[in-house]
Amino acid sequence: MEPKVNWARVEFESVARNLGFARVAAASWAAGLGFTLEELEDIKLAVSEAVSNCIVHAYPERPGRVLMMLSASDHAFTISVQDEGVGILDVLAARSPGVSSSPQRMGMGFTLMEALSESMDVTSSPGEGTKVVMSFTPGDQ
Ligand SMILES: Nc1ncnc2c1ncn2[C@@H]1O[C@H](COP(=O)(O)OP(=O)(O)O)[C@@H](O)[C@H]1O
Ligand SMILES: [Mg+2]
């Protein structure tokens with residue numbers, strides 16, 4: 001019998017080389033939960049933004065750990081992306097459109113993740129790391 005809640009965890013080094021893997025891993029795990037191809041593309045894009053933040057922002061000194069947890073219940077697919085990096089001082093400000101700590105970036109990552117997911121939650125502690133949780137429901141759009 002199919003379990004009521006199914007889950008998987010994927011852990012990898014915060015290097016650009018692993019971004020494509022993370023996107024595809026998340027989307028292939030979510031495939032079969034009733035999402036359309038377009039919705040799976042949205043999931044890929046949202047995951048991509050969360051993971052690239054771990055790669056670009058979380059570990060300024062050297063690459064570190066990124067943990068992606070996937071879970072599916074009857075109604076929703078939930079993914080969390082977390083790091084043990086520098087953390088974010090002001091989460092509310094960081095989530096605002098156009099806010100970035102690097103001048104060459106757009107600061108639209110969180111805005112995109114929020115728009116693409118059904119819900120998005122960010123928790124972070126300076127010096128301890130950041131966790132982004134997003135959930136998606138098939139047939140949402
Ligand atoms: N995992 C993370 N670790 C540390 N800081 C982060 C992380 N994710 C986001 N941030 C901070 O939040 C800001 C906004 O993120 P985002 O909306 O993705 O824009 P961008 O990546 O273009 O700067 C980043 O500039 C960075 O300062
Ligand atoms: Mg970003």
Side-chain angles (χ1 to χ4, degrees), residues 2-141:
E2 281 276 307
K4 261 200 132 37
V5 176
N6 183 24
W7 59 270
R9 43 186 288 158
V10 184
E11 207 168 358
F12 53 90
E13 183 91 333
S14 67
V15 291
R17 165 96 175 69
N18 287 334
L19 183 59
F21 162 72
R23 284 164 61 94
V24 172
S28 65
W29 197 84
L33 297 176
F35 292 106
T36 62
L37 286 178
E38 198 182 332
E39 288 169 333
L40 288 173
E41 285 303 316
D42 289 349
I43 290 172
K44 267 195 207 164
L45 183 52
V47 169
S48 203
E49 289 297 326
V51 171
S52 44
N53 279 352
C54 301
I55 295 169
V56 170
H57 301 295
Y59 300 105
E61 302 290 327
R62 67 191 70 81
R65 208 178 277 278
V66 181
L67 173 63
M68 209 164 71
M69 304 253 270
L70 309 140
S71 71
S73 67
D74 284 345
H75 305 292
F77 164 61
T78 303
I79 179 162
S80 71
V81 176
Q82 72 184 94
D83 62 66
E84 298 158 4
V86 293
I88 302 171
L89 210 56
D90 186 342
V91 172
L92 204 63
R95 287 180 65 151
S96 307
V99 172
S100 177
S101 50
S102 21
Q104 71 273 33
R105 298 194 181 269
M106 303 244 299
M108 293 304 287
F110 281 133
T111 305
L112 249 176
M113 289 181 247
E114 196 159 9
L116 293 168
S117 61
E118 174 145 329
S119 68
M120 182 194 73
D121 188 50
V122 184
T123 47
S124 188
S125 312
E128 284 179 26
T130 302
K131 181 178 187 177
V132 177
V133 183
M134 294 179 283
S135 66
F136 299 85
T137 311
D140 194 26
Q141 267 111 17

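Nothing here was measured: the structure is a model prediction, and the numbers come from that model. We're numbering straight along the sequence, starting at 1. Just follow the structure's listing: the first ligand is 1, and inside any ligand the first atom is 1.
- Among S124, G85, G87, the residue whose heavy atom lies nearest to atom 4 (C) of ligand 1 is G87.
- Of the protein's non-hydrogen atoms, A94 CB, 3.5 Å is the one closest to atom 12 (O) of ligand 1.
- Smallest separation of non-hydrogen atoms from Y59 and S14: CD1-OG, 3.3 Å.
- M68 and A25 make their closest contact through CE-CB, 4.2 Å (heavy atoms, listed as atom of the first residue, atom of the second, distance).
- Listed by number with element, the atoms of ligand 1 under 4.0 Å from a non-hydrogen atom of R105 are 22 (O), 23 (O).
- For ligand 1, the polar-atom distance check against S101 finds a nitrogen or oxygen pair separated by under 3.5 Å.
- Considering backbone and side-chain atoms alike, G107 places an N or O below 3.5 Å from some N or O of ligand 1.
- Contact check for R23 versus V51: no side-chain heavy atoms found under the 4.5 Å cut-off.
- With contacts defined as side-chain heavy-atom distances shorter than 4.5 Å, the pair R95/V91 qualifies.
- Residues F110 and V132 meet the side-chain proximity criterion, which asks for heavy atoms closer than 4.5 Å.
- Using a 4.0 Å heavy-atom cutoff, E49 is absent from the residues neighbouring ligand 1.
- Nearest to atom 21 (O) of ligand 1 among the protein's heavy atoms is H57 NE2, 2.8 Å.
- Close approach to G109 involves these atoms of ligand 1, each under 4.0 Å from a residue heavy atom: 16 (P), 17 (O), 18 (O), 19 (O).
- Less than 4.0 angstrom separates some heavy atom of S100 from each of these atoms of ligand 1: 20 (P), 23 (O), 25 (O).
- Closest non-hydrogen pair, P63 versus E13, comes out as CB-OE2, 3.5 Å.
- Annotation: F110 places an N or O atom under 3.5 Å from an N or O atom of ligand 1; distance criterion only.
- In this structure, K131 NZ and D83 CG are separated by 11.5 Å, a value rounded to the nearest 0.5 Å.
- Rounding to the nearest 0.5 Å places OG of S48 at 13.0 Å from CD1 of I43.
- Closest to atom 10 (N) of ligand 1, if we only count protein heavy atoms, is I88 CD1, 3.6 Å.
- Not a single N/O/S atom of S52, whether from backbone or side chain, sits less than 2.8 Å from the Mg ion (ligand 2).
- Interatomic distance, OG of S52 versus CZ of R105, reported as 7.5 Å (0.5 Å rounding).
- For atom 14 (C) of ligand 1, the closest non-hydrogen atom on the protein side is V99 O, 3.3 Å.
- Residue contacts with ligand 1, taken as heavy atom pairs separated by less than 4.0 Å, involve D83 solely via side-chain atoms from C-beta onward.
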